[in-house]
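Notes follow the structure.
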Amino acid sequence: MPQNLILASTSPFRRELLGRLGIPFDVANPQTDESPFPGETPEQIALRLSEAKARAVAETYPDALIIGSDQVATVDGKMYGKPGTHERAVDQLRTLSGKTVNFFTGLCLLNARTGQVQIRGVPTLVTFRELSDQEIENYLCREPAYNCAGSAKSEGLGIALLSSMRGDDPNALVGLPLIALCDMLRNQGVAVL
């Protein structure tokens with residue numbers, strides 16, 4: 001019997017990306033505590049939270065394939081989350097100006113029926129241009145990216161803030177690495193094509 005596919009995320013960006021595969025799926029809110037553990041690196045946090053999000057909804061969907069994903073933006077060992085406010089977004093963009101940021105996405109596919117777990121980390125290196133205060137204000141007034149780690153939406157006007165991007169999957173930067181996910185789904189016998 002085919003298994004239902006569950007996206008353990010309320011992110012509209014991840015929902016839109018998963019929808020591109022044309023596979024029916026449902027969305028569940030994982031309601032996980034995203035606080036870092038002492039001594040945890042940003043990459044370890046993203047990997048742990050991707051699995052925690054998938055496991056958080058497994059009791060509700062005990063027969064499903066569950067996707068968990070989490071992304072951190074990190075540079076020089078410091079983590080940058082969702083700014084939440086205009087002022088914090090301005091501070092983030094001033095700090096990230098001229099720097100290369102690792103947008104590291106943790107991806108987990110949990111087979112709740114068998115307990116099998118696949119976890120991968122997908123880095124995307126993004127270099128911000130040197131940004132003026134006026135450019136930062138203009139950007140945030142036109143595209144208030146307060147719910148995006150690093151305060152920029154690369155799939156929107158935020159692309160104008162960048163000088164380069166390097167990674168294996170352009171979808172990873174938006175929060176759901178579809179190339180890795182398709183591979184994980186194939187491992188579970190799901191035919192994407």
Side-chain angles (χ1 to χ4, degrees), residues 1-74 79-82 101-126 147-150 153-155 165-193:
M1 180 175 146
Q3 292 178 273
N4 291 334
L5 187 62
I6 306 296
L7 176 62
S9 172
T10 57
S11 164
F13 311 113
R14 290 190 180 109
R15 188 177 319 145
E16 190 275 332
L17 285 173
L18 185 57
R20 292 180 189 179
L21 297 182
I23 301 171
F25 68 94
D26 291 313
V27 172
N29 184 346
Q31 297 183 341
T32 51
D33 179 0
E34 299 190 14
S35 303
F37 292 160
E40 213 174 19
T41 67
E43 291 84 356
Q44 290 170 328
I45 293 169
L47 294 171
R48 178 179 56 80
L49 289 179
S50 69
E51 183 176 0
K53 289 176 179 179
R55 291 193 182 281
V57 302
E59 189 171 309
T60 306
Y61 302 96
D63 201 41
L65 292 172
I66 304 170
I67 301 164
S69 185
D70 191 77
Q71 185 181 68
V72 296
T74 179
M79 196 167 73
Y80 296 87
K82 299 172 186 171
V101 181
N102 182 1
F103 286 84
F104 186 88
T105 304
L107 176 67
C108 173
L109 182 65
L110 168 66
N111 186 331
R113 182 188 293 169
T114 66
Q116 184 180 8
V117 177
Q118 299 176 71
I119 300 174
R120 293 192 195 169
V122 181
T124 304
L125 300 179
V126 174
N147 63 345
C148 297
K153 289 183 183 176
S154 64
E155 69 276 23
M165 296 191 306
R166 288 174 284 150
D168 292 335
D169 186 339
N171 302 298
L173 188 55
V174 185
L176 191 63
L178 292 181
I179 293 173
L181 179 60
C182 287
D183 190 41
M184 291 173 161
L185 289 170
R186 282 191 297 273
N187 290 341
Q188 290 298 318
V190 176
V192 176
L193 296 175

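Predicted, not measured: the structure shown is a model, and the values here were computed from it.
The two residues F103 and A73 have their closest heavy-atom pair at CE2-CB, 3.6 Å. The two residues V27 and S9 have their closest heavy-atom pair at CG1-O, 2.9 Å. Scanning all heavy atoms of the two residues, the minimum distance from A8 to I66 falls at CB-CG2, 4.0 Å. In this structure, A28 and V57 approach most closely via the heavy-atom pair CB-CG1, 3.7 Å. For P42 against V72, the heavy-atom pair with the smallest separation is O-CG2, 3.4 Å. Closest approach of S50 to I119, counting heavy atoms only: OG-CG2, 4.2 Å.
Looking only at side-chain heavy atoms (C-beta outward), M165 and S154 come within less than 4.5 Å of each other. A heavy-atom distance below 4.5 Å is found between the side chains of F104 and L47. At least one side-chain heavy atom of V117 sits less than 4.5 Å from a side-chain heavy atom of R55. Inter-residue side-chain proximity for N171 and L176 is flagged as unmet; no heavy-atom pair is nearer than 4.5 Å. Between L18 and L181 there is a side-chain heavy-atom pair separated by less than 4.5 Å.
With values rounded to the nearest 0.5 angstrom, I45 atom CD1 is found 4.0 Å from M79 atom CE. The line from CG of L65 to CG of N187 is 11.0 Å long, rounded to the nearest 0.5 Å. Atom CD of E16 and atom CD of E155 lie 8.5 Å apart (nearest 0.5 Å). Interatomic distance, K153 NZ to N147 CG, rounded to the nearest 0.5 Å: 5.5 Å. Atom CD1 of I179 sits about 12.0 Å away from atom CG of L107, to the nearest 0.5 Å. Annotation: the span from I23 atom CD1 to N4 atom CG amounts to 12.5 Å, rounded to 0.5 Å.
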L5 and L185: CA distance, side-chain angles, deciding distance, side-chain contact (heavy atoms from CB on, under 4.5 Å) verdict: CA-CA 10 Å; L5 187 62; L185 289 170; 4.0 Å; yes
Derivation and outcome, side-chain contact (heavy atoms from CB on, under 4.5 Å), residues E43 and N102: CA-CA 9 Å; E43 291 84 356; N102 182 1; 3.7 Å; yes
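The neighbour count for D168 CG, taken as heavy atoms of other residues, nucleotides or ligands under 6.0 Å away, does not exceed 12.
No side-chain donor-acceptor contact under 3.5 Å links T124 to the backbone of G167. Between the side chain of R14 and the backbone N or O of G175, at least one donor-acceptor pair lies under 3.5 Å. In terms of modelled atom types and a separation under 3.5 Å, the side chain of D169 and the main chain of L178 share a donor-acceptor contact. Checked by atom type and distance alone, the side chain of Q71 pairs as donor or acceptor with a backbone atom of A172 at under 3.5 Å. The backbone N or O of C108 lies less than 3.5 Å from no partner atom in the side chain of S69, so there is not a single donor-acceptor pair.
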